[in-house]
Structures are given as structure tokens and as C-alpha cells.
Enquirer: 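Sharing a structure below in C-alpha cells format, with a few things to ask.
Residues take their numbers from the sequence shown, with the count starting at 1. Quick note: numbers below take in every heavy atom, side chains included, and nothing from hydrogens, waters or symmetry partners.
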Amino acid sequence: MTSTSRTAGSENPSDAPNPALRARYRRIMRFAARTFVLAWWFELVLPRIGLGALAARGRPARLRRLAKRFHALAVDLGGLMIKVGQFLSSRLDVLPPEITKELEGLQDEVPAVPFAEISAHAETELGMPLARAYAAFGPQSLAAASLGQAHRATLTDADAADTGLRDVVVKVQRPGIAGIVDVDLRALRKVARWMMRIALVRHRVDAPALVEEFAASSFEEIDYLHEAAAAERFAADFAENPRVSAPRVVWERTTRRVLTLEDVSAIKINDLDALRAAGIDPAEVAQAFATVMFEQLFEHSYFHADPHPGNVFVTPHPDGTWALTFIDFGMMGEVPSRMRSGMRQAIIAAASRDGRGLVEAIRAVGALLPGADTVELERAVTAVFDRFGGMGFAELAQVDPREYREFAREFSELLRTMPFQLPEDFLLVIRTASLTSGMCSTLDPAFNVWDAVEPFAQRLLRDERGTIVEAAGRGAMSAAGLMMRLPRRADDLISLIEEGRLTAQVPSMDRRFRTLEALGRRAIAGTVFAGLLIAGALTRPDDTVLGTVLMAASAVPLLFAVFAGRR
């Protein structure tokens, strides 16, 4: 996604004419200020007066309390704050597991807006009374979320004749949500500026960039024209696949704040009893769902990033077949060419146990912040390859999970000290793979995600073979050029020695010895994260008790360590 900055209203929301928005802004800022004060006291003051061990002992409980307070704030305020919580729950690269675990269950369910307000808002958007726009419009909310809510409706005879549809679902944005989104983003931007004044944070996280990534996706989600276009693009990607469908868009009754779609309600994908009653094998649904989701990730590079049970139906057909029907295309993700190329490089580097190549793949994905210690990272990657390298998919799947948990326990906290910050596109990939894995395990407890992933990984490797040959040719040309330049460079070096102008810079050995252990551990933590970059696009754990089951589909065991670190 492209970062976008849009603002409206007064420069300072605390001076906005709407008292409710002023109160909302101040409440968010009070929560942030209190959090900063507590962090300053426990993480800076106490360690400086010799009480660092005391602060460290209470850190996990303190972080859980903080996450619970934010959870309560988000539910109470609604609007964009729920989305913020969901966004933060996916930031395994910058937040500790005590926070991400508490926030991952935050649901976008809020009380419905009264029908009188919704109908008035819809009429303003459509430019006509609802009675003229639709033959019938149900007053009961079908689903309510923080940004909008849905109602069932029936098209008029004229529209039905034009579209071939009769029953539809109408999504109407909550009145005033644009102002709420604006105020929330202003508050988040200010908090991000506060964070960048702290050296520890500034060197570890680009907070303003995170906020702008979140802002871009939020603006897209409240633009129903964007969602309508996404639904049509998704349908076009699977036009030749009878097992996948999406609702048709009624463009005549669609604006930026009102979206009218074909009513495709059917059996929820996780309703096992209803599936069996319809003669549909849940295990077969699991296999089809996994195939469809991984096809989106690796072939179309455009994917539904919120495939939870409420957004996927199983639609039986009269001939005994069935299809997976997706709805709600407000959160879509793309795999940019840069990320796709980086993933391929990573798979190839892992297969050949090339530590330097793997680090370069991480850089290609865009996950290394400036100043990353790639030398130590390369050494650590090579060391872990020696420990786990050479295992195939089946072998990785059979490794004792306790070994991965122990490896993760050792390095999960150190992981967050490395200079990594995942792009939001990649986080959406991880979220999608996680939801896919969890859904398939619900449908079929014996489901093996490795079997579903392996064909796509193998296809990536086959597609890359030509690129490897080309790269080898380029490497040979580069070596030849180096050999041609070598005599001249040697002559220049001799001249510098003769003139006494040759100097060398050697790092302080004392400083290196003092930090050697810390650097080594940070490097190994980076190795764990490298695994996430390689295979996170394929799947994500869904075992909350064990701290998530590690995914080794890409044949890189580092992946397991990353995910098992979340307890």
C-alpha cells in the first residue's frame, strides 16, 4: 500500500467545534501521556537508581495491564481505535507478546446506529429517499462495525431488470465517521512524534511511517468505491474457477459511503453441522480454502486480507457442487514485485544455505532499517543453517515442537532488539496466512498446512531457475570485470604505500569485546526473524496455548522460532 496523508478540519482537534471530538482527542492523548510517563519511570528512572531488576520482574504484568487498558479504551471509543488495536496486535516485529496477545482478540463489533440516522445518511449519499432507491430496506442491522453497518434490501423492478439481481446487502458508513477518523489519526501522529524524541525508540522503530501506513489503509477502508473495485478485481481473478465467487456490485446504488452488493449469504465456512447437513465434507472445504488463499498470495499477488468466518461462505449448488463465496473486500493486500522477488531470493538462499543471500533477500523485502548490523546477521544465519539446514518439508513438520519453543524462548525477547520493521503489506500476508491456518485446522483437525503450501513453494523455485542462470551469468561478467581492473587497482595501492598515505581504521577491540555477546544474540534473533520473512507469507501459527505452532513450509526453520516466541 502507498502511504497517504489526508487531513481535514482544524489543525488542532482540541480546538475543533465539535465537543465530542474534542473530548475524544483529549482522552486518547491522556492515555498516551500516562503510558509515556509509566514507561519513563520504569524503563529509565528505576534502572538508573539501581532498581532495574525490580522493574524487569514486573514488566510482563505491567505490559498486560497496559494492553488491557487500551483494549477497554478501544472498545469504548470505537471508530478507528479498534482498528488501531487490531493493527498493533500484528506488530510482532516491534511489540512484545504480552501486548500483541492481549489485543489479538479485539473484535470490531459495536452497537448499531439507530435506523433513523442510518437512513438519513444513506438518503443524503444517494440523493434520493430510500423508498425510491430500493423496493424494500430492512431496518434491522445485519452486521455492525466501527466504521459502518449492513442492512438487507431489495432492488426496484427497474434496477433488478438492469442488474439481474433482486436481493442485496447495503453497507452504510456510520454518520460522522470521517471526522472521527481524522481526529484519531491526528492523535496518532502526535503520539508518533512524541515517540521519535526517545532515542531508544527512534533507533528501533519508524513510528511516523507506521502511522502513515495505518492511515493509508484506513482511508481505503472507508472508501466504498475502493471496496467495490476490489470486489470486482477479486471476482475477475477467479472468473475461471467455479469453486470461488464474490458478490456483484450494484454501481447505480453505490457511492463512497454507501455500497450495494448482491446478497450471497450462505453457510458460514466454520459451521460444521450445517456443512455436514448439506452433504459437504469440512475436510474438503479446508483443502479448497487453503488452496484458494495461497493461490491469491503467490499467483495473483492480490489477496483478501480478512478471511475470518464471517467473511467466507460455502454456497451449495443444485448439482451437488459448492463454492467458496468471499465478502467484505475493505481490507485487501498486495504482494509487490519487490516483496515477491525478495521471497524468491529467500527461498533460494535457504535451499542453498547462503547466509549472505538470505540477508540480501531480507533487505530486498524492505524490512531492514538503516544501520542494521548485517555482518553479524550473516554469521548468525549461517550458524542456524548449520543447526537446521537441509531439512525438507516433511522433516520440519515432524520436528519436536519443544525444540522450536526452546529456541524461541531463548531469542524471542532479543528479536525485538534487531533493526527490523516489517512493511504493512507483509504484515497483511502474515495475518492472512494465520487466519487461513486457523480456519483450516477448525475444519479439519488433521489438516497439514505443509501439504497445501509445498506446491506453491516448489512452483516459486521452478519459476526462479531461469533467474538463477541469469544471475550466474551476471556474476561471471562481474568477476571478469574485476580481474580486468585488478592490475590498475594494485598499482594504485602500491603508490599509496610508497607515498605513505595508506591508512587503516580498526574498531576498538575493547568496545568489541564488551558488546560481542550482545551482538551475537541480536544477530541470532535476527536469524529468527529472517525465517519469518522467508515463510511468513506461506502461513502463520494458530496455537495460542503453545505460543503458536511454528510454520516451516519454506524449509527455513527460523520461521518456527519467530512464531513460537509469542506466548
Side-chain angles (χ1 to χ4, degrees), residues 13-14 16 18-43 55 58-92 94-114 141 143-149 174-177 179-192 194-195 201 205 207 210-211 214-215 217-218 221-222 306 308 310 331 416 427 431 434-435 544-545 547-548 566-567:
S14 63
N18 189 323
L21 293 181
R22 290 202 306 270
R24 180 184 185 90
Y25 179 83
R26 285 197 288 263
R27 188 172 176 188
I28 295 172
M29 297 310 298
R30 282 198 301 269
F31 179 89
R34 180 185 180 189
T35 300
F36 272 96
V37 169
L38 289 175
W40 172 78
W41 175 255
F42 284 102
E43 304 301 332
R59 184 176 295 117
R62 190 164 59 251
L63 292 175
R64 283 191 291 269
R65 287 195 299 270
L66 170 63
K68 288 179 179 178
R69 287 197 298 269
F70 181 84
H71 189 290
L73 176 72
V75 171
D76 191 32
L77 290 178
L80 211 57
M81 286 298 103
I82 289 179
K83 301 295 181 183
V84 171
Q86 294 171 338
F87 177 77
L88 294 177
S89 71
S90 68
R91 297 305 317 206
L92 304 176
V94 296
L95 291 175
E98 291 84 1
I99 291 179
T100 57
K101 179 65 177 176
E102 181 64 33
L103 296 179
E104 68 181 7
L106 190 58
Q107 297 298 312
D108 194 2
E109 294 290 340
V110 295
V113 175
S141 171
S146 57
L147 302 181
Q149 63 189 55
R174 284 179 171 258
I177 193 63
I180 291 175
V181 168
D182 179 67
V183 166
D184 290 356
L185 288 177
R186 287 176 182 270
L188 292 174
R189 288 179 174 120
K190 188 167 187 177
V191 171
W194 287 359
M195 294 175 66
V201 175
V205 180
L210 288 180
V211 171
F214 178 72
S217 62
S218 299
E221 195 164 351
I222 64 175
D306 196 23
H308 65 72
M331 185 184 295
R416 280 172 290 279
L427 285 172
R431 169 188 170 85
S434 174
L435 291 172
T544 57
V545 175
T548 70
R566 298 176 58 228
R567 292 176 293 177

Enquirer: Calculate, to the nearest 0.5 Å, the distance between atoms OG1 and CE belonging to Thr35 and Met195 respectively.
Expert: 10.5 Å
Enquirer: How long is the straight-line distance from CG of Leu103 back to CD1 of Ile82, given to the nearest 0.5 Å?
Expert: 11.5 Å
Enquirer: Is the backbone N or O of Val113 less than 3.5 Å from a side-chain atom of Gln149, with the two atoms forming a donor-acceptor pair by type?
Expert: yes
Enquirer: Roughly how far, to the nearest 0.5 Å, is the CG atom of Leu38 from the CZ atom of Arg62?
Expert: 8.0 Å
Enquirer: If I compare all heavy atoms of Glu102 with all of His71, which pair ends up nearest, and what's the gap?
Expert: O-CD2, 3.8 Å
Enquirer: Side-chain contact, heavy-atom cut-off 4.5 Å: Phe70 with Ile99?
Expert: no
Enquirer: For Arg189 and Val211, indicate whether the former's side chain and the latter's backbone hold a donor-acceptor pair under 3.5 Å.
Expert: no
Enquirer: For residues Ala112 and Ala144, report the shortest heavy-atom separation together with the two atoms involved.
Expert: CA-CB, 3.9 Å
Enquirer: Output yes when a side-chain donor or acceptor of Asp306 lies under 3.5 Å from a complementary backbone atom of Met331, and no otherwise.
Expert: no
Enquirer: Before you tell me yes or no, could you show the steps for Ile28 and Leu77 under side chain to side chain contact (heavy atoms under 4.5 Å, CB included), namely the whole-Å CA-CA distance, both residues' side-chain angles and the distance that decides it to 0.1 Å?
Expert: CA-CA 9 Å; Ile28 295 172; Leu77 290 178; 3.8 Å; yes
Enquirer: How long is the span from the CD1 atom in Ile177 to the CG atom in Asp182, to the nearest 0.5 Å?
Expert: 11.5 Å
Enquirer: Between Arg174 (side chain) and Ala145 (backbone), is there a donor-acceptor pair under 3.5 Å?
Expert: yes
Enquirer: Please examine the side chains of Lys190 and Tyr25, heavy atoms only from C-beta on, and report whether any two atoms are closer than 4.5 Å.
Expert: yes
Enquirer: Once you round to the nearest 0.5 Å, how far does CG of Leu21 lie from CZ of Arg26?
Expert: 11.0 Å
Enquirer: Count the heavy atoms belonging to other residues, nucleotides or ligands that lie under 6.0 Å from CZ of Arg34, then report whether that count exceeds 12.
Expert: no
Enquirer: May I ask you to decide if Leu73's main-chain N or O and Arg27's side chain share a donor-acceptor pair within less than 3.5 Å?
Expert: no
Enquirer: With rounding to the nearest 0.5 angstrom, report the CZ to CG distance, Arg24 to Asp76.
Expert: 9.5 Å
Enquirer: Walk me through whether Val191 and Leu188 qualify under side chain to side chain contact (heavy atoms under 4.5 Å, CB included).
Expert: CA-CA 5 Å; Val191 171; Leu188 292 174; 5.6 Å; no
Enquirer: Mind running salt bridge (Lys or Arg N to Asp or Glu O under 4.0 Å) on Glu43 and Arg59 for me, showing each step along the way?
Expert: CA-CA 9 Å; Glu43 304 301 332; Arg59 184 176 295 117; 3.0 Å; yes
Enquirer: Any side-chain heavy atom of Lys83 within less than 4.5 Å of one from Phe214?
Expert: yes
